[in-house]
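To start, the structure under review is shown below, and the notes come after it.
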There are 2 protein chains.
Amino acid sequence: MSQQMSQQASQQASQQASQQTTTSRMSGPARREQILAAARKVFAEDGYAASTDQVARAAGVSQPYVVRLFGTKRDLFVEAYTHATAEVCATLAAVPAGPDADARMGAAYVELLADRDLLRLVMHGFVAGNDPEVGRAARACLGEAYRLFVERSGGTPEQGRDFVAMGMLVNVLLAVGADAHVGESEGMDALLACVDSSIEEVRGA
Amino acid sequence: MSQQMSQQASQQASQQASQQTTTSRMSGPARREQILAAARKVFAEDGYAASTDQVARAAGVSQPYVVRLFGTKRDLFVEAYTHATAEVCATLAAVPAGPDADARMGAAYVELLADRDLLRLVMHGFVAGNDPEVGRAARACLGEAYRLFVERSGGTPEQGRDFVAMGMLVNVLLAVGADAHVGESEGMDALLACVDSSIEEVRGA
DNA sequence: CGCTCTTGTTAGTAATCACTCAATGCCAAC
DNA sequence: GTTGGCATTGAGTGATTACTAACAAGAGCG
């Protein structure tokens with residue numbers, strides 16, 4: 001499955017990266033962050049199955065250099081993944097408590113939807129959970145999302161559960177490309193319409 | 001990540017399969033189904049990244065034979081995946097309409113929880129959705145689950161959405177091994193307790 | 001027994017993988 | 001202006017990959 005798809009995907013990524021990449025010399029930490037950004041994009045697309053070569057081409061660097069900077073492909077993935085989950089948690093944690101905090105939490109998550117790569121990467125970590133460190137980060141992110149919602153909104157456990165569940169539904173719909181295949185199945189169309197209206201509702205609040 | 005883990009995992013699978021495998025000659029379709037069952041287990045563990053060799057060892061067959069019978073690793077994955085999604089849909093479709101149909105739909109899904117491999121495989125398909133055929137099967141399954149719930153229970157679109165969302169939450173919690181890591185994060189513990197009580201509630205109904 | 005079809009294997013191939021090694025240029029400090 | 005450290009690469013290695021080709025063996029049938 002990943003042969004044709006990831007080939008052309010990485011070609012696209014390499015093209016668009018080589019345009020924006022300064023081929024000249026960079027400082028170590030700066031290059032590290034650039035590679036991490038590329039890794040986030042590539043891993044979001046193909047998950048852990050993406051190769052370090054794809055990441056290197058997306059960053060405009062040679063492949064040995066990315067493993068030199070990060071030690072191991074697994075280390076790179078774990079670092080990119082923990083960054084992503086931390087970003088999600090930070091966004092939710094930035095919502096202050098108070099009246100209508102539940103709606104503002106929902107709006108904060110909807111804001112995250114703009115960055116498709118972020119949520120796709122988080123999703124990939126959910127199924128790559130047999131790696132102990134990835135699994136721990138994934139569980140921590142889910143638990144924090146629940147805890148923050150209940151704490152900030154003062155809602156019941158059931159409301160917290162529903163908040164996280166709704167987030168997972170949106171994640172999955174995004175991952176399977178539901179928005180890009182409207183008109184394929186009537187059930188999916190109706191589900192998508194219902195979720196979309198909820199998103200618009202929370203966005204307006 | 002998958003190196004050490006999948007190695008020992010496939011060794012376990014091969015051992016337990018070689019015990020239950022009739023090494024003698026089998027009929028073609030029977031062997032096909034046996035390999036499909038093995039593929040379901042292996043793909044549930046490691047996703048599409050699992051090798052045909054792992055599947056072959058789990059089935060107690062040589063590796064070239066599994067690609068001979070199924071043509072391509074991708075074909076094998078797609079067939080195993082469509083079988084899994086069809087099983088989920090069939091289970092939900094078996095719930096008759098009537099009063100308390102919503103609770104019975106929930107109970108039917110909880111029944112599916114007993115087969116961890118099934119839901120883990122379905123989850124893997126959700127993130128492998130860049131493959132067109134896998135993505136289509138995943139979207140069809142989600143759409144059908146929603147449609148069936150609304151049709152059988154006569155509920156509102158919002159209730160249907162919440163049903164599917166709850167299913168996704170349970171899937172994710174299962175995939176990240178939340179039940180196997182209790183006591184790690186207080187937020188996750190509270191979330192898991194809330195979901196568990198909901199499951200027990202629907203199980204009793 | 002012989003003939004043939006299906007079941008199954010061993011041996012092999014080309015590609016890709018993560019990762020290593022040794023080297024090369026660049027920049028700043030002395 | 002030479003020295004030394006940092007950024008970066010090309011070339012290579014061994015392992016694993018999906019997949020192929022050719023061949024062995026068993027079962028039904030005349």
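In what follows, every heavy atom counts, from backbone to side chain, and hydrogens, waters and symmetry copies are set aside. Just so it is clear: chains get the letters A, B, ... in the order the sequence lines come, proteins before strands, and each one is counted from 1. In this text, all values refer to a predicted model and were calculated from it rather than measured experimentally.
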*Base-paired stems in DNA chain D, each at least three Watson-Crick or G-U pairs under 3.5 Å*: C:1-16 with D:15-30, C:18-30 with D:1-13
*Look at the side chain of R68(A) and the base of dT8(D), then say whether one donor and one acceptor between them are separated by less than 3.5 Å.*
yes
Could you give the [atom1]-to-[atom2] distance, from [X] to [N], as a whole number of Å?
{"X": "R57(B)", "N": "dG8(C)", "atom1": "CZ", "atom2": "P", "result": "19 Å"}
{"X": "M26(A)", "N": "dC26(C)", "atom1": "CE", "atom2": "C1'", "result": "16 Å"}
{"X": "F70(A)", "N": "dA7(D)", "atom1": "CZ", "atom2": "C1'", "result": "14 Å"}
{"X": "R32(A)", "N": "dC6(D)", "atom1": "CZ", "atom2": "P", "result": "16 Å"}
{"X": "D46(A)", "N": "dA18(C)", "atom1": "CG", "atom2": "P", "result": "12 Å"}
{"X": "R74(B)", "N": "dT17(D)", "atom1": "CZ", "atom2": "C1'", "result": "18 Å"}
{"X": "L69(A)", "N": "dT20(C)", "atom1": "CG", "atom2": "C1'", "result": "15 Å"}
{"X": "K73(B)", "N": "dA18(D)", "atom1": "NZ", "atom2": "P", "result": "4 Å"}

_Any donor-acceptor pair under 3.5 Å from R203(B) side chain to A107(B) backbone_ = no
For [N], does OP1 or OP2 lie under 4.0 Å from any side-chain N or O of [X]?
{"X": "R31(B)", "N": "dG8(C)", "value": "yes"}
{"X": "S51(A)", "N": "dC17(C)", "value": "yes"}
{"X": "T72(B)", "N": "dC19(D)", "value": "yes"}
{"X": "Y65(B)", "N": "dG8(C)", "value": "yes"}
{"X": "S62(A)", "N": "dT8(D)", "value": "no"}

_By ring-ring contact (aromatic ring centres under 6.0 Å, His included) - contacts of F163(B) (at least two apart)_ = F149(B)
*Any ion pair linking R136(B) and E184(A) (charged N to carboxylate O, less than 4.0 Å)?*
no
_Side-chain ion pair, R40(B) and E87(B), N-O less than 4.0 Å_ = yes
*Answer with base, sugar-phosphate or nothing: what part of the nucleic acid does A30(A) contact at a heavy-atom distance below 4.0 Å?*
nothing
*Looking at every strand, decide which applies to A56(B) at a 4.0 Å heavy-atom threshold: base, sugar-phosphate, or nothing.*
nothing
*Over-ring placement of R32(A) relative to F70(A), 6.0 Å and 45° cut-offs*: yes
_Is the positively charged end of K73(B) above the ring of Y48(B), judged by distance under 6.0 angstrom from the centroid and angle within 45° of the axis?_
yes
*Looking only at side chains, do R161(A) and S198(B) share a donor and an acceptor under 3.5 Å apart?*
yes
*Upstream residue (5' side of DNA chain C) when Q63(B) and P64(A) are each assigned their closest nucleotide*: Q63(B)
